[in-house]
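A single structure is presented below for examination.
A note on names: the letters A, B, ... follow the listed sequences, proteins ahead of strands, and every chain is numbered from 1. Just the heavy atoms: all of them, side chains too, but no hydrogens, waters or symmetry mates, feed the values below.
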Number of protein chains: 2
Amino acid sequence: MATLSDVATRAGVSVSAVSRVLSEKPGVRVSVATRQRIHDAAKELNYRPNFTARALKSSRTHAVGLVVPGVTNAIFAELMRGVEEEARTKDYMVLIASTERLPEGEESIPRLMGEGRVDGVLVQFGDHLSGDDLRTVTDSGLPVISINTINPGSGGSVRLEDEAGMRLATEHLIELGHTRIGYAGGVPTSESGQRRLAGFLEAMAAAKLTVEPELVTDFGYYPKQGAQALDAMAELSTPPTAVVVANINAAHGVLSEARRLGIRVPEDMSIVAMHDTWTAEIAWPPLTCVRLPLYELGRAAMASLWDNINSGTAEDRVIADPAPELIVRESTAPPAR
Amino acid sequence: MATLSDVATRAGVSVSAVSRVLSEKPGVRVSVATRQRIHDAAKELNYRPNFTARALKSSRTHAVGLVVPGVTNAIFAELMRGVEEEARTKDYMVLIASTERLPEGEESIPRLMGEGRVDGVLVQFGDHLSGDDLRTVTDSGLPVISINTINPGSGGSVRLEDEAGMRLATEHLIELGHTRIGYAGGVPTSESGQRRLAGFLEAMAAAKLTVEPELVTDFGYYPKQGAQALDAMAELSTPPTAVVVANINAAHGVLSEARRLGIRVPEDMSIVAMHDTWTAEIAWPPLTCVRLPLYELGRAAMASLWDNINSGTAEDRVIADPAPELIVRESTAPPAR
DNA sequence: CTAGCATGATCAAACGATTGTTCACGAGTA
DNA sequence: TACTCGTGAACAATCGTTTGATCATGCTAG
């Protein structure tokens with residue numbers, strides 16, 4: 001709680017002298033003696049610069065906002081870990097803003113962005129964020145990096161190779177011998193969802209397999225919606241022998257629902273999912289997944305935001321290293337026959 | 001980006017008038033006409049009070065820190081959700097500080113607390129936080145609420161009924177007919193760990209069952225450590241027929257390891273775990289758990305911190321509503337014979 | 001007619017740090 | 001001796017809000 005002027009008094013100098021010495025700017029003219037006295041006084045008083053004062057003067061808060069659809073899923077956790085770690089190296093703090101269950105008319109996003117609380121924002125648009133919210137975010141004038149979506153307005157983005165990932169997943173099923181393959185995707189308005197679907201369709205087309213419309217669903221990425229997707233497919237006269245699920249959270253829902261419906265995985269139906277979080281291993285059966293670098297995505301997002309804050313550059317980056325990788329576990333097998 | 005003085009100019013009044021009107025303090029004498037003009041001007045300029053300036057003047061940042069051992073687990077997620085939601089009702093923001101993989105000598109905690117960035121801190125001590133860290137936190141003078149640990153220094157705490165929870169879990173196994181029951185606990189220095197162990201021992205004593213020392217382990221709460229615990233028990237000449245795992249994350253590790261060792265759950269060994277997160281349902285077999293109110297714990301923690309910030313009161317609360325509840329799934333069964 | 005007072009608004013001093021400008025002093029030069 | 005210049009440090013304004021103190025005005029009451 002010691003202030004600059006406390007230190008100044010104790011060292012017998014002016015506050016400006018203390019400020020200059022402690023901030024260690026090159027080219028300050030202070031004698032060795034006073035420099036020493038200032039350092040001593042600061043140490044004795046356990047001086048720490050007051051963040052709010054600094055932020056007011058410099059209009060830099062050294063904090064960024066992370067806007068996410070929800071915090072209770074493993075994908076968020078991985079992403080968060082990457083963001084957190086990169087933020088630490090940049091001497092930044094992370095403010096979480098979850099859009100989950102936001103009451104109607106709640107304006108926490110505009111407030112987060114409009115009050116000068118953060119220097120920039122990382123946004124992962126969920127399925128349910130409105131165009132209004134999007135506009136608020138992009139119109140704020142703050143540096144924004146959108147995660148896994150190309151931002152229609154200004155601002156940069158970081159993305160994964162969704163298309164390649166889904167191709168990999170689909171090819172795996174095709175190689176196993178499946179021909180009637182279903183797709184459980186996200187809501188069609190989502191841009192990354194479109195890329196994932198494209199990857200699936202490409203792989204199917206490349207193998208000269210037809211994709212029947214009723215085998216392509218777009219309920220969403222939550223477990224419940226995965227369950228819905230499976231329900232829809234199970235009702236068909238000839239259900240698919242394998243399903244590509246565009247999100248691992250939804251895949252967990254698919255698995256639960258399969259158990260409920262008495263569909264054996266992988267004997268009756270193979271499941272391959274997008275994203276490889278730690279929950280893939282504890283699931284039953286352990287999920288065959290495509291691993292995309294979520295942690296690196298988080299790091300890259302934070303790094304890009306930092307660049308954007310400090311130099312105004314805004315680029316759209318694709319995180320391709322490490323490359324998408326198929327992790328084969330026990331939820332996929334050749335079709336029964 | 002509009003400031004008070006921008007609004008003042010536009011409305012043709014002084015900044016102080018604007019400040020008083022917009023902050024809506026009772027007992028301000030401003031005519032209806034100017035009041036209206038001020039409101040209009042503020043709206044037209046889309047004025048938002050600058051957070052840093054406000055924080056500097058009032059020494060209130062309307063932000064709290066949440067210090068946790070890690071962000072990639074479902075227990076954190078539940079807790080976080082509660083904290084977040086309560087914070088929103090109190091008009092507070094949450095800053096995450098993970099102590100996971102903190103480089104040696106990293107002083108992010110002292111900085112978080114010493115620079116006036118937050119009005120208070122919520123701390124969930126993990127297994128690996130040093131006494132030094134603890135002292136830094138309690139000595140900072142900031143309001144602190146510790147989560148699921150009684151804080152040795154000042155500051156309040158919120159806890160769960162760990163003891164009752166473990167009793168419930170153990171009694172479940174006893175009722176199923178198990179007599180040789182193992183215990184996979186957290187590191188012995190953790191206070192909540194001691195309470196959990198106590199609950200286990202009580203239930204065993206009440207049933208007049210002996211607890212052999214080699215059946216009680218204390219590796220920790222991470223999946224890997226759960227696996228270690230199972231390894232240790234499996235090596236015994238007579239392994240237990242059931243194991244109480246003091247943390248669901250560790251339980252997932254136990255399950256994986258059991259699969260690796262060819263131990264069938266629940267046929268060869270029953271597993272019951274503490275905490276009921278969403279991962280319990282996707283595990284194989286779905287885990288029998290004791291549900292403790294983690295979400296409510298998060299809310300209560302934030303609410304207590306708020307009280308502490310605003311009135312200086314610091315109490316130790318036990319969150320007993322809803323009461324611990326046994327959720328029976330498929331990882332427990334009567335002993336084979 | 002003027003002291004007293006309520007009303008409505010402005011002034012100005014903080015909060016703590018940063019930073020361009022100024023100042024005092026002594027050494028070096030003409 | 002007078003002037004310049006370099007050095008080491010203090011002065012003072014500023015960031016945007018808050019808030020106690022002050023002030024101008026018109027009205028009531030004595």
Rounded to the Å, how far apart are A/L45 CG and C/dA17 C1'?
->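 Going from A/L45 (CG) to C/dA17 (C1'), I get 16 Å.
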
Scan side-chain atoms only and decide if B/S157 and B/D316 contain a donor-acceptor pair under the 3.5 Å cut-off.
-> yes

Nearest whole angstrom, please: distance from the C1' of C/dA17 to the CE of A/M1.
->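 It works out to 16 Å between those atoms.
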
Partners passing side-chain contact (heavy atoms from CB on, under 4.5 Å) against B/A300 (at least two apart in sequence or in another chain) =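 Expected list: B/V158, B/R317, B/I319.
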
Go through A/S31 and A/T34 one step at a time and tell me if the side-chain hydrogen bond (donor to acceptor under 3.5 Å, both in side chains) criterion holds.
-> CA-CA 6 Å; A/S31 71; A/T34 38; 2.7 Å; yes

Please list residues of residues 51-61 of chain B whose heavy atoms come under 4.0 Å from any atom in DNA chain C, ordered by number; otherwise none.
-> B/L56, B/K57

Should B/S14 be listed as having a side-chain N or O under 4.0 Å from OP1 or OP2 of C/dT10?
->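 Affirmative; the distance criterion is met.
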
For A/K90, enumerate each residue passing the salt bridge (charged side-chain N to carboxylate O under 4.0 Å, His left out) test, keeping only those at least two apart in sequence or located in another chain.
->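 With neighbours one apart ignored, the set is A/E86.
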
Return the 5'-most residue of the pair B/R37, A/N50 with respect to DNA chain C, ranking by each residue's nearest nucleotide.
-> B/R37

Is any side-chain nitrogen or oxygen of B/T34 closer than 4.0 Å to OP1 or OP2 of C/dA9?
->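 Answer yes for this pair, as a side-chain N or O of B/T34 is under 4.0 Å from OP1 or OP2.
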
Residues that A/N249 engages under side-chain contact (heavy atoms from CB on, under 4.5 Å), provided they are two or more places apart |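 Scan of A/N249 (side-chain contact (heavy atoms from CB on, under 4.5 Å), adjacent residues dropped) gives A/N73, A/I75, A/P223, A/N247, B/W278.
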
Quick one: salt bridge (charged side-chain N to carboxylate O under 4.0 Å, His left out) partners of A/D91, sequence neighbours excluded?
->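 Residues passing salt bridge (charged side-chain N to carboxylate O under 4.0 Å, His left out) with A/D91: B/R111.
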
Set of side chain to side chain donor-acceptor pair (under 3.5 Å) partners for B/E315, sequence neighbours left out =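 Scan of B/E315 (side chain to side chain donor-acceptor pair (under 3.5 Å), adjacent residues dropped) gives none.
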
First-last contacting nucleotides on DNA chain D - partner chain A, under 4.0 angstrom, heavy atom | D/dT7 to D/dG16

Please list, chain by chain and in numerical order, all residues satisfying side chain to side chain donor-acceptor pair (under 3.5 Å) with A/S98, sequence neighbours excluded.
-> none

Among residues two or more places apart or on two chains, list those pairs meeting ring pair (Phe, Tyr, Trp, His ring centres under 6.0 Å) that have a residue in residues 26-52 of chain B.
->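 Sorted pair list comes back empty.
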
The side chain to side chain donor-acceptor pair (under 3.5 Å) partners of B/Y92 (sequence neighbours excluded) come to B/D119

Selection: residues 16-25 of chain B, any non-hydrogen atom under 4.0 Å of DNA chain D =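 The answer is B/S16, B/S19, B/R20, B/K25.
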
According to the salt bridge (Lys or Arg N to Asp or Glu O under 4.0 Å) rule, which pairs have a member within residues 56-80 of chain B, sequence neighbours left out?
->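 Residue pairs passing salt bridge (Lys or Arg N to Asp or Glu O under 4.0 Å), neighbours aside: B/E78-B/R81.
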
